[in-house]
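Accompanying notes for the structure given below.
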There are 4 protein chains.
Amino acid sequence: MTNNNLSDEKLYEMKNRVCDANLKLKDSNLVVLTWGNTSEINRDAGIIVIKPSGVPYDTMSPEQMVVTDLDGNVIGENSLKPSSDLDTHVYLYKHFENVNAIVHTHSTYAVMWAQSRRDIPAYGTTHADTFYGSIPVTRQLTKEEVEKEYELATGKVIVERFENDNIDPIAVPGVLTVGHGPFTWGNTPDKAVENSIVLDEVAHMALMTEFLNPNKDEIPQYLLDKHYFRKHGANAYYGQ
Amino acid sequence: MTNNNLSDEKLYEMKNRVCDANLKLKDSNLVVLTWGNTSEINRDAGIIVIKPSGVPYDTMSPEQMVVTDLDGNVIGENSLKPSSDLDTHVYLYKHFENVNAIVHTHSTYAVMWAQSRRDIPAYGTTHADTFYGSIPVTRQLTKEEVEKEYELATGKVIVERFENDNIDPIAVPGVLTVGHGPFTWGNTPDKAVENSIVLDEVAHMALMTEFLNPNKDEIPQYLLDKHYFRKHGANAYYGQ
Amino acid sequence: MTNNNLSDEKLYEMKNRVCDANLKLKDSNLVVLTWGNTSEINRDAGIIVIKPSGVPYDTMSPEQMVVTDLDGNVIGENSLKPSSDLDTHVYLYKHFENVNAIVHTHSTYAVMWAQSRRDIPAYGTTHADTFYGSIPVTRQLTKEEVEKEYELATGKVIVERFENDNIDPIAVPGVLTVGHGPFTWGNTPDKAVENSIVLDEVAHMALMTEFLNPNKDEIPQYLLDKHYFRKHGANAYYGQ
Amino acid sequence: MTNNNLSDEKLYEMKNRVCDANLKLKDSNLVVLTWGNTSEINRDAGIIVIKPSGVPYDTMSPEQMVVTDLDGNVIGENSLKPSSDLDTHVYLYKHFENVNAIVHTHSTYAVMWAQSRRDIPAYGTTHADTFYGSIPVTRQLTKEEVEKEYELATGKVIVERFENDNIDPIAVPGVLTVGHGPFTWGNTPDKAVENSIVLDEVAHMALMTEFLNPNKDEIPQYLLDKHYFRKHGANAYYGQ
């Protein structure tokens with residue numbers, strides 16, 4: 001028992017969801033080698049469960065998931081180290097209060113855009129069904145930020161971009177960290193993984209849309225509204 | 001028994017064909033998550049069978065398929081909601097009278113063209129074997145159309161494009177809805193799926209043909225005629 | 001027994017090799033739906049074995065393979081029709097006397113080049129290991145050729161290109177038919193399939209080589225010589 | 001027993017690691033047909049174990065691996081020929097003294113860059129996590145080098161490039177041989193394979209980064225430093 005506020009059973013379910021989400025990333029071809037991690041937060045219980053560092057996917061088990069408090073301090077007897085990206089996750093959880101699960105990958109097409117230092121424009125309804133507007137890329141970190149507190153600073157520039165441009169992290173459940181790769185989030189680990197799948201797919205579609213149509217026409221705002229709001233919010237009615 | 005004009009057995013076979021076609025879309029890598037749907041019409045019996053809304057592919061069964069009348073009103077006791085694209089299907093069945101099955105996907109390469117707002121030119125015989133001419137893209141819907149009756153309007157602009165340009169939906173069994181994705185159709189759900197497979201493949205081929213040959217030379221009309229008519233119509237003789 | 005010059009056992013082995021080669025095309029992702037065919041010739045026995053027309057890959061068996069004489073006349077009691085591309089195969093066998101097996105596909109990357117009406121230049125050693133020089137594309141067929149004897153004319157323009165440019169079909173075991181797709185050949189059906197695999201792979205590599213290096217520098221002749229001749233001919237010594 | 005300095009058991013383990021690494025290349029889709037090879041050196045025991053020439057992957061076994069001395073002379077009773085690329089491996093082992101395993105492939109995206117005669121720039125952190133700077137391409141071999149001692153000369157131009165530009169082969173564990181393909185290396189066959197997987201993935205990412213951002217901005221030096229050194233050297237702390 002690592003926490004008084006959560007039964008062993010509930011904690012195990014949480015570890016299981018986080019582990020499953022990691023495996024689903026692999027099955028969805030979003031992860032090469034061990035390049036991905038997932039976490040879930042339970043704010044009431046005061047804990048975060050995150051993938052351990054450098055563990056191969058083919059032997060990953062729920063027991064290996066690492067438990068930390070809301071500041072990222074490891075609690076419990078688990079000897080594995082948490083993912084090095086823990087500080088980014090912790091910072092996002094502190095500032096995106098309705099986000100309960102986070103996923104990070106180096107998925108191929110999303111990385112191409114991140115390396116290109118460009119937002120992914122909303123070129124179609126596949127994008128609009130999940131992301132209400134462009135998927136933003138963060139600014140370049142300064143030398144000092146990189147050297148002093150790299151993973152924390154990564155969280156900070158994500159939040160900075162969302163705040164500066166008044167982007168709602170629920171309406172745009174993902175970001176590209178410049179030169180690096182995507183983070184997505186959601187209500188559950190499963191939903192955060194789903195958003196990573198969508199992000200990589202729309203990154204691929206957008207890439208070649210620009211080749212075929214150099215005008216780079218985005219979809220009209222009213223179509224973006226329609227697609228997003230028929231799936232999200234009070235008036236949602238959509239299902240394929 | 002949902003309809004007096006169709007035996008339980010025949011109805012089950014119809015549901016089975018529609019369910020199978022959905023699963024085949026998934027197996028053919030044309031569908032990410034739940035982004036696809038298939039339907040079949042029986043005009044004599046007055047019914048349409050369509051995929052339910054938002055059901056995951058790995059647990060999909062024929063029993064889950066939704067039955068509606070020819071206007072898209074759900075009939076029978078099935079509690080699942082029909083695919084939100086039902087209105088598009090219904091409109092197409094009303095106006096394309098020789099079409100008995102419809103498929104909609106967000107397949108990657110077809111979407112790239114749809115988002116680029118461009119017809120797919122007939123660059124080769126792989127295209128001509130199935131599509132007798134360019135695969136058309138619909139016009140952009142107006143704000144009013146999107147807000148008032150989006151799924152129905154999607155059907156309308158498809159039919160509008162075929163009528164305006166005198167395109168025979170039997171000779172060109174597919175379309176790109178602008179900014180969205182492809183619809184294909186056929187005599188049976190299986191044939192409609194096959195046409196979706198072909199459409200995505202020729203979309204991929206055409207994409208890179210334009211990279212290699214910026215002149216964008218389409219195949220000569222006489223070769224288009226030869227390939228299409230050796231497989232279709234009274235004088236067909238072809239099989240690979 | 002369909003032919004006095006070949007034992008039942010030998011004929012079955014031949015059918016088996018042709019059937020296996022077709023299935024290998026499918027397993028190598030070179031074939032969508034039924035878009036591919038393979039044949040083998042036994043000149044001494046006076047027979048050609050070729051894939052039947054339009055048979056699905058998942059139920060294909062050696063017994064279904066069609067036997068013809070050296071002019072492409074079906075012999076034996078098999079009720080299936082030979083592949084419509086038979087006339088192309090027959091013409092190639094008549095003019096490429098050291099070729100014993102032929103494969104035709106619509107493999108994705110090879111088709112992109114065929115549709116672009118361009119030879120595939122020898123950009124690297126992967127190409128040179130199998131193809132001693134550019135992989136040629138045929139000229140456009142005339143309206144008359146297409147209408148009168150399309151499949152035969154396809155064979156004729158292949159041979160025409162090899163004769164006009166003094167290309168040795170053993171040193172360049174494949175071709176692109178313009179707007180259509182590749183044919184490859186070899187000593188055995190297995191080798192012809194292998195050459196189709198190589199052709200599609202080098203087509204893919206060459207495509208993006210042109211994106212990265214618009215100068216389109218081919219490899220030096222002496223490197224082409226080295227790679228080709230260390231694998232082929234009297235002084236071959238190569239194996240990865 | 002092929003060598004007095006190594007027990008039968010240790011030698012078998014070495015053969016097993018080399019065989020496994022070859023199979024892993026295949027499973028990772030880095031190898032078409034038989035286009036790949038792996039070796040491991042034991043400098044104390046004075047032996048190199050390398051893949052045999054032209055053996056198909058589906059029947060490959062540890063027993064087939066070929067043992068040579070440090071000059072590449074085959075020792076022991078194994079009748080199979082070593083990979084033709086043996087001389088390249090031997091030369092690299094002699095000059096890269098901390099390298100214990102080498103992998104060569106014709107992986108698709110790496111070859112595109114090799115054929116384009118271009119280094120792969122460090123466009124992102126996925127690259128920086130494994131390669132501390134651009135992945136270099138060798139110069140074109142002269143006619144004389146190709147004709148006289150091709151495989152040995154391939155080793156020489158690799159070492160020449162690393163020496164001329166003061167590149168540390170431990171910090172940049174891979175190279176592109178111009179017009180040909182990648183070689184990677186590592187402490188173990190497994191690590192060398194992993195580096196091949198990374199190289200091909202970053203080659204793919206870099207390709208389309210250039211399409212999206214024609215400015216070709218590389219990541220800042222301080223970010224390259226951060227990513228490389230958080231995973232490598234005395235202060236490493238990283239794991240996803």
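Residue numbering restarts at 1 for every chain, and letters A, B, ... go by the order of the sequence lines. Remember, predicted model here, so these are calculated numbers, not experimental data.
- In this structure the side chain of B:T125 never reaches within 4.5 angstrom of the side chain of C:Q115, judged on heavy atoms.
- Residues B:Y222 and C:E144 form no side-chain contact, since every pair of their non-hydrogen atoms from C-beta on lies 4.5 Å or further apart.
- No part of C:T177 comes within reach of chain B, as not one of its non-hydrogen atoms sits under 4.5 angstrom from that chain.
- Residue B:E210 does not touch chain C at all, counting heavy-atom pairs closer than 4.5 Å.
- In terms of heavy-atom pairs under 4.5 angstrom with chain C, the leader among B:I219, B:D217, B:L207, B:I197 is B:D217.
- Taken from OG in C:S116 to CG in B:L212, the straight-line distance is 4.0 Å, to the nearest 0.5 Å.
- Side-chain contact check for C:E147 versus B:K226: every heavy-atom pair is 4.5 Å or farther apart.
- Using a 4.5 Å cut-off between heavy atoms, C:V32 contacts chain B through its side chain alone, with no backbone atom that close.
- Atom CE of residue C:M112 and atom OG1 of residue B:T209 lie 6.5 Å apart, to the nearest 0.5 angstrom.
- Contact tally against chain C (heavy-atom pairs below 4.5 Å) for B:N215, B:D225, B:L223: the top residue is B:L223.
- Here the side chains of B:M208 and C:W113 are not in contact, with every heavy-atom distance at 4.5 Å or above.
- There is no contact between B:V202 and chain C, counting heavy-atom distances below 4.5 Å.
- The two residues C:H106 and B:E201 make their nearest non-hydrogen contact at O-OE2, 4.5 Å.
- C:L141 touches chain B through its backbone: at least one of N, CA, C or O sits under 4.5 Å from a heavy atom, while the side chain does not.
- Chain C forms more heavy-atom pairs under 4.5 Å with one residue of B:E194, B:H127, B:Q221, B:K216 than with any other, namely B:E194.
- Between C:F211 and B:F211, the angle of the ring planes lies from 30° to 60°, which puts this pair in the tilted group.
- Side-chain contact between C:Q140 and B:P220 is present, with heavy atoms from C-beta onward closer than 4.5 Å.
- Of the two parts of B:A128, neither the backbone nor the side chain holds a non-hydrogen atom closer than 4.5 Å to a non-hydrogen atom of chain C.
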inquiry  = Pair B:H227, C:Y150 - check side chain to side chain contact (heavy atoms under 4.5 Å, CB included), show working.
reply    = CA-CA 10 Å; B:H227 267 265; C:Y150 179 54; 2.5 Å; yes
